[in-house]
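For reference, positions follow the sequence shown, starting with 1. Every number for a ligand or one of its atoms is a count from 1 in the order of the listing.
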Amino acid sequence: MTDAKTQSAKTTGIAIQHCINSVCGASFGIRERLYLCRKCGGPLEISSPLPDQREASELRARWKARRGALEPRDRSGVWRFRELLPFDNTAPIVTLGEGNTPLYDAPRCAEYAGLRGLRLKHQGCNPTGSFKDTGMTTAVTQAVLLGARTVVCASTGNTSASLAAYAARAGVQCAILLPRGQITASKLAQSMDYGAIVCEIDGNFDDCMRLIQEITDDPSIYLANSINPFRIEGQKTVAFELMEQCEWRVPDHVVVPGGNMGNSSALGKGFEELQRLGLIDRLPKLSVIQAEGAAPLAHLFADLNSDSAGDRESSIEEIVAVANPQTLATAIKIGSPVSWKKALRSVIRSRGRIIAVSEAEIADAKAMIGRDGIGCEPASATTVAGIRKLSAAGFIRREETVVAVLTGHLLKDPDYVSNYHRGTLSLDSKAKDGGAIPGAFRNEPKRVAANKSAILDELLRNRS
Ligand code: F0G
């Protein structure tokens, strides 16, 4: 289908926002400023008219060709998939050239996890260093279309850095709510530099999330957390890009970290749309990994009888929040995830799992990702730790194809890295022994005398 035809399908064929609660199912216009269903308070999702299946295969070539073009909306790894986005060609898109991130082979991580191969899709290679940019380009574009004066979010640091950057590009005021003292210095620095109004709150992320929803009653304010379905629309494109990089051969497993659960919801939606278009013939099993001290959805999943999970999922209305979430992976230090329903639905439909991993498992997996020359922030490393656990449990088999989605860049949290390698990484520094994580792959800097032979001695001693 040509761009002009896509455009006319969009204007006549109507993208809508609809409530995912099956008993409600209310629908709303695509330019209504909503975050939750106006009828029942349930989560909203966007349905766009999908191109005809017969024309879908032609899309693959078009999407790929755009990557080499010069126009910003073609080069963007989100907007080059615009046939599947709820915007028409006149939308004033706000882009920083997001997406188009690498898919790496990670042989050391594969061995560590007991697999023949493992690939890492590095969403930390986005303009602000995290996967959030792929959703922020669409959310801020929608904010501009709605005439918002201020865009806002609650954040553990990456959402806010990303929103601040895209708001700056759009020339729109940005205000962010952060839990004071719980954001890494790098993430905070980004938001300050991009000119956001930074409000540090005495409370945790869940408190910030509750407060931010209270202030968005004002129509001049637009909320950009992943509860906003336009964020999910941008973030779902990682599924398209990943399938392109896999030459449209569906991996057996895709594994992501879980915090507020927007990313897992988005990936699930992306794969399901590709299946409906006939571009893939099955869904990869989508699994979500949480940190043990902040794992409300893993707890809920463990309580579901896996045989009847599909039947029960639609009837579960509540999640038991973790009141005081604890983890050194501060990006996912969340006790009450807003998008848990969508994420749970995607995991169950694809027959994946939701599990939790310990602080030591996250830390060692992170160092192993470093050994592959890749690196990531702590939350991202839950994936490799989780894959290792799922492989040991026999859920992932040695010869199966597996992709882990790394969500943030190594330099988002250099203090964590330094503490790990120096043996001072601890979740509970008040513990008697200091509670330090031993670190199986520590690599502490060495003090070496300032002469040639001392340096050469050091090299030889460490040669394998
Ligand atoms: N990884 C990183 C690096 C993150 O920053 C986040 C979430 C996640 C994983 C989890 O993704 O929330 O979609 O399940 N960070 C949010 C923030 C909460 O405010 O930056 P999710």
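The shortest contact between atom 13 (O) of ligand 1 and any protein heavy atom is with Asn263 N, 2.8 Å. In this structure, atom 9 (C) of ligand 1 lies nearest to the protein heavy atom Thr407 OG1, 3.5 Å. Summary of contacts: the protein heavy atom closest to atom 5 (O) of ligand 1 is Asn158 ND2, 2.8 Å. Counting protein heavy atoms only, atom 11 (O) of ligand 1 is closest to Phe131 CZ, 3.4 Å. For atom 4 (C) of ligand 1, the closest heavy atom belonging to the protein is Ala331 CB, 3.5 Å.
An N or O contact shorter than 3.5 Å links Gly259 to ligand 1 by distance. Checked by distance only, ligand 1 and Thr159 come closer than 3.5 Å through their nitrogen or oxygen atoms. For a threshold of 3.5 Å applied to N or O pairs, the pair formed by Gly262 and ligand 1 contains at least one separation below that value. For a threshold of 3.5 Å applied to N or O pairs, the pair formed by Asn260 and ligand 1 contains at least one separation below that value. Considering both main-chain and side-chain atoms, Ser160 never comes within under 3.5 Å of ligand 1 through any nitrogen or oxygen pair. Close N/O approach between Thr156 and ligand 1 is found [any backbone or side-chain N/O within under 3.5 Å]. Distances between N or O atoms of Gln235 and those of ligand 1 include no value under 3.5 Å. The shortest N or O to N or O distance between Ala379 and ligand 1 is not under 3.5 Å.
Contact annotation: for Ile334 versus ligand 1, heavy atoms closer than 4.0 Å belong to the side chain alone.
Under 4.0 Å is where a charged nitrogen must lie from a carboxylate oxygen, and between Glu83 and Arg66 at least one such pair does. Taking a cutoff of 4.0 Å between a charged side-chain nitrogen and a carboxylate oxygen, Glu361 and Arg388 do not qualify as a salt bridge.
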Worked verdict on Trp79 versus Thr95 for side-chain hydrogen bond (donor to acceptor under 3.5 Å, both in side chains): CA-CA 9 Å; Trp79 295 97; Thr95 177; 4.8 Å; no
Verdict with supporting geometry, Leu300 and Ile316, side-chain contact (heavy atoms from CB on, under 4.5 Å): CA-CA 10 Å; Leu300 189 153; Ile316 304 168; 4.1 Å; yes
Derivation and outcome, side-chain contact (heavy atoms from CB on, under 4.5 Å), residues Lys121 and Gln245: CA-CA 10 Å; Lys121 173 75 174 152; Gln245 288 169 309; 2.8 Å; yes
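Under a 4.0 Å heavy-atom criterion, Gly258 is in contact with ligand 1. Heavy-atom distances between Asn225 and ligand 1 stay at or above 4.0 Å for every pair.
Tested against His253 for a side chain to side chain donor-acceptor pair (under 3.5 Å), the candidates Glu400, Arg397, Arg353, Lys285 yield a single pass: Glu400.
For Phe441 and Tyr112, the ring centers are positioned less than 6.0 Å apart.
In summary, the atoms of ligand 1 found under 4.0 Å from a heavy atom of Ser155, numbered by their order in the structure, are 17 (C), 19 (O), 20 (O). Of all the atoms in ligand 1, the ones that sit under 4.0 Å from a non-hydrogen atom of Ile332 are 8 (C), 9 (C), 10 (C).
Taking all heavy atoms of Met261, Glu377, Gln123 into account, the minimum distance to atom 3 (C) of ligand 1 is reached by Glu377. The heavy atom nearest to atom 7 (C) of ligand 1, considering only His409, Arg231, Lys333, Lys132, is found in Lys132.
Not one N or O on the side chain of Thr383 forms a donor-acceptor pair closer than 3.5 Å with the backbone of Val256.
Evaluation of the salt bridge (Lys or Arg N to Asp or Glu O under 4.0 Å) test over residues 181-205, restricted to residues two or more places apart or in two chains, returns Arg180-Asp202, Lys187-Glu377. The stretch residues 34-43 participates, sequence neighbours left out, in these side chain to side chain donor-acceptor pair (under 3.5 Å) pairs: Glu32-Arg38, Arg33-Tyr35.
Counting only N and O atoms by type, the side chains of Asn158 and Lys412 include a donor and acceptor under 3.5 Å apart.
Counting heavy-atom neighbours within 6.0 Å of Arg442 CZ, excluding the residue itself, gives a total above 12.
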